Amino acid sequence: MNNYQDYEKKWQKIWSEKQIGFVDVLENKPKFFIIWAYLTVSGFHHIGHMRGFSYTDAIARYKRMLGYNVLLPAGGHATGNGAISKAMKVKEREPEVIKHYKEHGLEEKEIEQISTPNGFVDFFTKRYVKDYKDFGFLGDWRRFTVTTNKDYQKFIEWQFKKLKEKKLLIQKPYYATACVKCGPVAVDPSEMDLSKGGTAQKHEYTLIKLKYKEPNEYVVVVTLRPETMFGQTNVWLDYDATYVKIKVEDEIWIASKEFAEKIKFQKEKPSIVGEIKGTDLVGDYCFAPLIEKQVIILPSNFCDKKIGTGIVTSVPSDAPIDWMGLYDLQQSKELCDKYELDFEKIKQIEPIPIIKSKDFGELPAINLCKKLNVKSQKDTELLEKAKQEVYKKGFHTGVMLDNCDKYKGMKVEQAKEDIKKELISKNQADIFYDLSEEVVCRCGEKVVIKKVDDQWFIKYSDKQLTEKTIQHVKEMMILPEQLKQNFPKILEWFEDRACARQGSWLGTKFPFDESYTIEPISDSTLYPLFYLISLYTNQKIISLEQLTEEFFDYVFLNKGDLKELSEKIKLSEEIIKKIRTDVSYWYPLDVNLGGKEHQTVHFPVFLMNHVGLLPKEYCPQGIFVNWWVVSKFGKVSKSKGGIGNIKDEIQKYSVDAMRLFYANVANIFTDISFNEEDLNKYKQRLDKILLFFKNILDEKLSENKTNTDAWLQSKFNKRLKNIKKAMENVDFKSVTDDIYFNIYNDFTWYLNRGGNNKQTIFSLINKWILTFGLFTPHIAEELNEMLGNKYLVSLSSFPKEDATKISDALESQEKQIEDLLSDIRSVIKMSGLNKINKITLFVSENWKYDLYKDLEQLLNETQNVGQIIPKLTEKYYTHKKEVGSLVTRIIKNRSLLITTTKQKEQENLREAKVFLEKTFSAEVKVVFAEDTDNSKAKQALPGKIGILVE
RNA sequence: GCUGGGGUUCCCGAGCGGUCAAAGGGGCUGGACUUAAGAUCCAGUGCUUAGUGCUUCGCAGGUUCGAAUCCUGCCCUCAGCACCA
């Protein structure tokens, strides 16, 4: 219907020519500095990104209209593996990948370009800026930066030098999830670094050593439940399998070959020195720690060589599968004979009660197996369920029994840790990490857990830093409020974080060891600060060589001597001073807006780095979090593909409709789903508004003013007030409800009511249009031009509400007419009359107004009906009966209590008479109840007009 | 499991002690306009009734003169849980 694309382009061009988003220091103007958390360069923007971005732009536009000097810069985060692996796939011409890019309209030449990591980053970051412009964002694109740029890397080097100075950079051993070829990778559901296994969990197991025949020779098992070691009765392994002897330091460990592969990465050069068959081990004994006893090695079919060591220590009291394994053997002499075991001896093995837990007693595994009717160790599903349940109950409600030495009476939760510690200290146990499922790197190689001896960490656990950050958070504007409340907990939970890794990644070399590259989270914490530098580096006003530690110290921390610095880096004092001024003008950052995924990782490090390295006055002022755009298939994300090619969506619905959709479909703290129906709905809404304006311009308007004009003024100003308040709370849903729906409805009512005053209408719609400038800026400019205004909405002031125009009395009067209208309708409907000729309206009897007033006052004093009624019946004794029933009714339903006067009601009706007559095409008469005998007149109450239709 | 968030009338989604049968939108029904369709406008949309009354806001209790809104228990659901921005 309307050609949105045309005027979107038109206005974007005008904004761009006026360079509205390009801002510099204006000392006489207050500043507002806002960013969205920049995103990883790994492909096209999708509709999910645009949700948060358009909020950011709306806030920026709002602040600009309030008179702030607004800086909204952007950048791209290219650190890490993303671009490398994406480019690789293009280079290898993977058909799916090539198809994807072709569908997005890439030419062969461009596909060529994105086949190298740098080309990829370059292409997409340029595309991002184009997308921002296409979406009507007014940002300072001159400052655009990418984390892989050389100048940015100088900045990160500086950051790490400062961290070290502040003793926030430390080294210690670490168990990293790592690809055997590429080095450390992130194992997380986004699968940025992976091709498989994003949901895998990293478990810390306790590795138990059971002494075998030779000195220093051990059968090793792993467990998540070290506290159950008091209940060991035997050891399980696979009779038919072959195990290996692994030399670990000066010990020999017997375990599966698969385990040997894993432990290789966690111990100093282990080597396989021999083999031993399951058949050789079964029937032998080994020495179990803690219970200090020899236990027999028995065969089972549930030992998986891929899990742990492929050998299991058996605790039948608390592990259902162990119990069933034992049960199976004890039931069958044949089976024992087969394995050359002494049946009588096997039968003597008894589970040892060690933990008492709620509901399951002292032998939870056995009790639950009975309850679930598990028949043998082959009932894998049931046993898994049983295991989960016993574990859960045991962990939360379990208490160690008397035979558990010094741990008796201790809660399982606690005993678990203490026992683990004791065993390790006695060299009877060790720590072993494993993944809960198979994980494969993007390169196709296996991901394992690898011990890094001297890993670098940022010390987020630092008590002082944590405390300082918690204090700072209290002063911040963080939305949702819920997050603000959680923040202290998040910050306390936040531990040291590995900050650099080896391998070939994009990013900044770690300044204290060039073989490391700083990892993606750690190099994107202070970046808003860098937008103040990139303005100069992008324009080549400063060279790389000039970005020294001293330079950053001076401009960010005001440290050092200007003259000395200027001479040293050969940069004019003037420019250095200018940058220093920029920093002190623009910093701190006012708002960082990001998706909910940032809550527990990005935002904490963003804050802690600011708090740790910068003076207090440069610490961020606000964090806003928006939830996601989801589809039926889950989160809309780049890696999952599917819907969300923003170019197509813009064409289909228009930018304004999309921006309005994001703002209005739900509040920002809920996931929304992107569907055609909703988008169409918002496009139609814009069509409707355009049409409304066109009609208004065609309308013949008059100079006449009535109460309705005052009413519209009141409504409009009240809404304006609400809009501003809601804007401050990023309650965009409520803001857009008012702007695009409620004000529209007010105007419609006004017009239907007969309002057509030129001055009222034009003064208000000119203001109304300005409010469109936040979420639908293109249509705002277009309408504004249509009205003949020469100024730009984007550069105008946001309309101020006129509080003197707001009148609750006027609004409630009008509400009464609205209610009356609907009452008359229902009366007509119920009368069964086909045609109405006459409507008589009765204004209530005088005494009732007085009664209402008295009642209102009494209700302020007491809620006790027993006290109120006698007082009123006394005063209104002639209407004794009516008073009783009326008062009880009102107390039951307070909304009936409308205090007004007879005169006002009559006036109100008189004014609405013409309107009512026109609406119902019938004669309308207003009559005082005192002047008639009609029973309807007696029913009339203050605020409730009696109605008779004939 | 831990830590948080939710469950509202056909649907989406506001509301978070009285003004709530519950905003706004969508859908549906009826009417106006139109040759017609679409768009737009107007009305209705829990059950009932000359404008009243009755029953609703996950389930079960409780506090209060009064609860969708507060408290307790339960059920169901969603998210985050670390080298992923």
Side-chain angles (χ1 to χ4, degrees), chain A residues 1 37-40 42 77 79-82 174 176-178 184-194 198 201-202 388 391-392 395-396 455 457 480 482-483 485-486 489-490 493-495 497-501 519-522 524 594-602 604 627-628 664-667 669-673 675 677-678 680-682 684-685 687-688 691-692 695 731 733-734 736-738 740-742 745 748 752 812 815 819-832 859 862-865 891-898 919 936 939 944-949:
Chain A
M1 174 180 172
Y38 60 15
L39 83 154
T40 305
S42 64
H77 186 254
T79 316
N81 191 18
Y174 180 63
T177 48
V185 290
V187 175
D188 71 87
S190 79
E191 300 194 339
M192 199 64 98
D193 296 346
L194 309 175
Q201 300 276 317
K202 183 164 93 180
Q388 298 284 346
Y391 187 89
K392 211 195 291 185
F395 184 79
H396 292 282
Q455 172 67 46
F457 288 84
Q482 204 51 239
L483 176 61
Q485 280 168 27
N486 291 343
K489 273 194 238 159
I490 296 174
W493 159 84
F494 213 95
E495 284 170 22
R497 191 179 177 96
C499 62
R501 53 193 190 183
E519 68 74 46
I521 298 276
S522 305
S524 42
K596 69 175 177 186
E597 70 278 20
H598 294 305
Q599 289 177 98
T600 47
V601 182
H602 175 246
W627 263 233
W628 289 340
N664 188 260
V665 77
N667 80 47
F669 314 123
T670 38
D671 290 336
I672 58 178
S673 56
N675 64 65
E677 236 172 80
D678 283 334
N680 271 326
K681 174 173 126 181
Y682 288 105
Q684 275 174 23
R685 180 50 39 173
D687 288 342
K688 208 160 155 173
L691 188 71
F692 173 88
N695 289 340
D731 186 357
K733 164 83 178 152
S734 157
T736 48
D737 268 349
D738 268 341
Y740 300 91
F741 297 96
N742 295 334
N745 291 347
T748 319
N752 285 342
S812 82
K815 179 84 173 47
D819 291 346
L820 179 64
L821 205 67
S822 141
D823 278 350
I824 296 175
R825 280 207 182 93
S826 67
V827 171
I828 291 175
K829 200 172 148 198
M830 272 169 252
S831 73
L859 280 171
T862 175
Q863 302 286 347
N864 192 330
V865 191
I891 284 171
K892 250 173 97 181
N893 180 4
R894 281 284 188 90
S895 62
L896 290 174
L897 188 64
I898 297 164
T919 307
K936 293 291 160 202
Q939 283 174 21
K944 193 88 193 154
I945 304 298
I947 301 164
L948 175 71
V949 299

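What you see below is based on every heavy atom in this structure, not just the backbone, and it leaves out hydrogens, waters and symmetry mates. As the structure is a prediction and not an experimental result, all values here were calculated from the model. Labels below follow one simple rule: chain letters A, B, ... track the order of the sequence lines, proteins then strands, and each chain is numbered from 1.
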Practice task
For A/Tyr682 and for A/His602, locate the closest nucleotide of RNA chain B by heavy-atom distance; then report the residue assigned to the nucleotide nearer the 5' terminus.
Solution key: A/Tyr682

Problem - Pair assignment for B/U63, Watson-Crick or G-U wobble, requiring both distances under 3.5 Å - result: none

Practice task
Sequence neighbours left out, what passes salt bridge (charged side-chain N to carboxylate O under 4.0 Å, His left out) with A/Lys829? Give chain and number order.
Solution key: none

Problem - Protein proximity profile, nucleotides 3-13 of chain B - base contact B, sugar-phosphate-only contact S, no contact -, cut-off 4.0 Å on heavy atoms - result: SSS-------S

Handout entry: Any-strand Watson-Crick or G-U partner of B/U40, both distances under 3.5 Å
Key = B/A32

Problem - Spacing of A/Asp687 atom CG relative to B/G38 atom P, expressed in whole Å - result: 16 Å

Problem - Separation of atom CD1 in A/Ile947 from atom P in B/U49, rounded to whole Å - result: 18 Å

Exercise for the section: Provide the distance between the two P atoms, one in B/C74 and one in B/U3, to the nearest whole Å. Expected result: 14 Å

Exercise for the section: Calculate the interatomic distance between A/Leu483 atom CG and B/A79 atom P; express it in whole Å. Expected result: 18 Å

Exercise for the section: Answer whether the closest heavy-atom distance between the side chains of A/Trp628 and A/Glu597 falls below 4.5 Å. Expected result: yes

Completion exercise
Output for pair (A/Gln599 CD, A/Ile490 CD1), nearest 0.5 Å, gives 6.5 Å

Exercise for the section: By nearest nucleotide on RNA chain B, pick out whichever of A/Glu677 and A/Leu820 is the more 5' one. Expected result: A/Glu677

Exercise for the section: Can you tell me the distance, in whole Å, between the CD1 atom of A/Ile490 and the C1' atom of B/A79? Expected result: 12 Å

Exercise for the section: Using the P atoms only, state how far B/C54 lies from B/A68, rounded to an integer number of Å. Expected result: 14 Å

Handout entry: Check: A/Ile945 and A/Ile824 side chains under 4.5 Å, non-hydrogen atoms
Key = no

Exercise for the section: Could you tell me how the ring of A/Phe669 sits relative to the ring of A/Trp627: parallel (under 30°), tilted (30 to 60°) or perpendicular (over 60°)? Expected result: perpendicular

Problem - Span that lies between the C1' atom of B/U8 and that of B/G24, in whole angstrom - result: 14 Å

Short N/O separations, protein against nucleotides 40-42 of chain B, under 3.5 angstrom:
from  : atom 1 : to       : atom 2 : distance (Å)
B/C41 : OP1    : A/Tyr744 : OH     : 2.6
B/C41 : OP2    : A/Lys688 : NZ     : 3.3

Practice task
Between B/G13 and B/G1, how far apart are the P atoms? Round to whole Å, please.
Solution key: 27 Å

Practice task
Taking atom C1' in both B/C16 and B/G31, compute the distance separating them and give it to the nearest angstrom.
Solution key: 39 Å

Problem - B/U9 versus B/G27 - spacing of their C1' atoms, nearest Å - result: 14 Å

Problem - Contact check, side chains of A/Glu677 and A/Asn680, non-hydrogen atoms, under 4.5 Å - result: no

Handout entry: Residue pair A/Val949 / A/Met830, side-chain heavy-atom distance below 4.5 Å
Key = no

Practice task
Please give the nucleotide sitting opposite B/C2 as a Watson-Crick or G-U wobble pair, both distances under 3.5 Å, or none.
Solution key: B/G80

Problem - Check: A/Ile947 and A/Leu820 side chains under 4.5 Å, non-hydrogen atoms - result: yes

Problem - Heavy-atom check, side chain of A/Gln485 versus side chain of A/Pro480, under 4.5 Å - result: no

Problem - P spacing across the pair B/U52 / B/G58, given as an integer number of angstrom - result: 27 Å

Practice task
Check whether any side-chain nitrogen or oxygen of A/Asn745 sits under 4.0 Å from OP1 or OP2 of B/G25, and answer yes or no.
Solution key: yes

Completion exercise
Separation of B/U49 atom C1' from A/Ile828 atom CD1, nearest Å, is 16 Å

Handout entry: P spacing across the pair B/U19 / B/C57, given as an integer number of angstrom
Key = 16 Å

Handout entry: Separation of B/G26 P from A/Asp737 CG (nearest whole Å)
Key = 12 Å

Fill in the blank from the handout: Of B/A50, B/U52, B/A85, the nucleotide closest to the side chain of A/Ile521 is B/A85

Problem - Selection from B/A85, B/G51, B/G80 that lies nearest to any side-chain heavy atom of A/Ser826 - result: B/G51

Exercise for the section: Indicate, with a heavy-atom threshold strictly under 4.0 Å, whether A/Gly594 touches base, sugar-phosphate, or nothing. Expected result: nothing

Handout entry: Stepwise side chain to side chain contact (heavy atoms under 4.5 Å, CB included) test for A/Asp671 and A/Lys596
Key = CA-CA 10 Å; A/Asp671 290 336; A/Lys596 69 175 177 186; 3.0 Å; yes

Problem - Distance-only side-chain donor-acceptor flag, A/Asn664 / A/Tyr682, under 3.5 Å - result: yes

Problem - Distance, rounded to the nearest Å, where A/Gln599 contributes CD and B/A82 contributes P - result: 15 Å

Handout entry: Identified pairing partner of B/G51, criterion: Watson-Crick or G-U wobble below 3.5 Å
Key = none

Handout entry: Interatomic distance, A/Tyr740 OH vs B/G25 P [rounded to whole Å]
Key = 16 Å

